[in-house]
Chemist: 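My structure is below; once you've seen it, I'll send some questions.
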Amino acid sequence: WDRENDSSDYGFESSIVPDFLWSSDRGYVAVTAGAARSRAVSLYRVTGTSLQEIPVPQLTSSQAAAIDAIDAAASGTDAVRWQPDGTLLLRFWADGEVHDENEKQKTAQVWADLEIRGTSAAIVGTSTEEPSTAPE
């Protein structure tokens, strides 16, 4: 791990270039990678020149209610940014083709604040973006 050059030997099996999102104290890094509609988040604690993986928690059924309400499973997670309070903002989204009564496709997203302490992480708050209608 090379902090000065913001690079890593962290490997991917394809040509996907990951996004590295550092916490303000540089003690943690979130790595977001994948295609636009299949991104995944990995979270690491930085210890010297190595990385220790921290499991990213999944939404509970009550936290995923907004996505469940349109009968679509959450199919992706994306790291958005570190908040000023040190939490990591995640976005969980569904990409199923869901249509309303007017046959307009809708999507749902849940935003979650992830608190990281040591080698554990917990979702400490969620908010919902109303399902939106895709442009015609």
Chemist: Taking the side chain as every heavy atom from C-beta outward, state whether Asp113 and Gln83 have any pair of such atoms under 4.5 Å apart.
Modeler: yes
Chemist: Would you indicate whether the side-chain heavy atoms of Leu114 and Thr87 approach each other to under 4.5 Å?
Modeler: no
Chemist: The test is side chain to side chain contact (heavy atoms under 4.5 Å, CB included); show your working for Asp19 and Val31 and say whether it passes.
Modeler: CA-CA 6 Å; Asp19 293 327; Val31 182; over 6 Å; no
Chemist: Tell me, with the steps shown, if Leu59 and Ile123 meet side chain to side chain contact (heavy atoms under 4.5 Å, CB included).
Modeler: CA-CA 8 Å; Leu59 293 170; Ile123 295 173; 4.0 Å; yes
Chemist: Answer yes if Val56 and Leu89 sit in the same cluster of Ile, Leu, Val, Met, Phe, Trp and Tyr residues linked by side chain heavy atoms under 4.5 Å apart, and no otherwise.
Modeler: no
Chemist: Applying the 4.5 Å side-chain criterion to the ILVMFWY set and letting contacts propagate, would Val80 and Leu90 be lumped into a single cluster?
Modeler: no
Chemist: Roughly how far, to the nearest 0.5 Å, is CD of Glu53 from OG1 of Thr119?
Modeler: 11.5 Å
Chemist: With sequence neighbours left out, what residues match Thr60 under side-chain contact (heavy atoms from CB on, under 4.5 Å)?
Modeler: Ser62, Gln63
Chemist: How long is the span from the OG atom in Ser23 to the CZ atom in Arg45, to the nearest 0.5 Å?
Modeler: 11.0 Å
Chemist: Rounded to the nearest 0.5 Å, what's the gap from OH on Tyr44 to CH2 on Trp22? Could you check?
Modeler: 12.0 Å
Chemist: For Val29 and Leu21, what are the C-alpha separation, side-chain angles and deciding distance, and is it a side chain to side chain contact (heavy atoms under 4.5 Å, CB included)?
Modeler: CA-CA 5 Å; Val29 62; Leu21 298 120; 5.8 Å; no
Chemist: State plainly whether one hydrophobic cluster holds both Leu88 and Val124, where clusters connect Ile, Leu, Val, Met, Phe, Trp and Tyr through side-chain heavy atoms under 4.5 angstrom apart.
Modeler: no
Chemist: Nearest 0.5 Å, what's the CG-CD distance between Asp78 and Gln109?
Modeler: 9.0 Å
Chemist: Measure the spacing between CZ of Arg81 and CZ of Arg91 and express it to the nearest 0.5 Å.
Modeler: 10.0 Å
Chemist: Please name the pair of heavy atoms, one in Pro55 and one in Ala121, separated by the smallest distance, quoted to 0.1 Å.
Modeler: O-CB, 3.8 Å
Chemist: Should Tyr28 and Trp82 be marked as a side chain to side chain contact (heavy atoms under 4.5 Å, CB included) after you check the CA-CA gap, both sets of side-chain angles, and the distance that decides it?
Modeler: CA-CA 10 Å; Tyr28 297 93; Trp82 289 92; 3.8 Å; yes
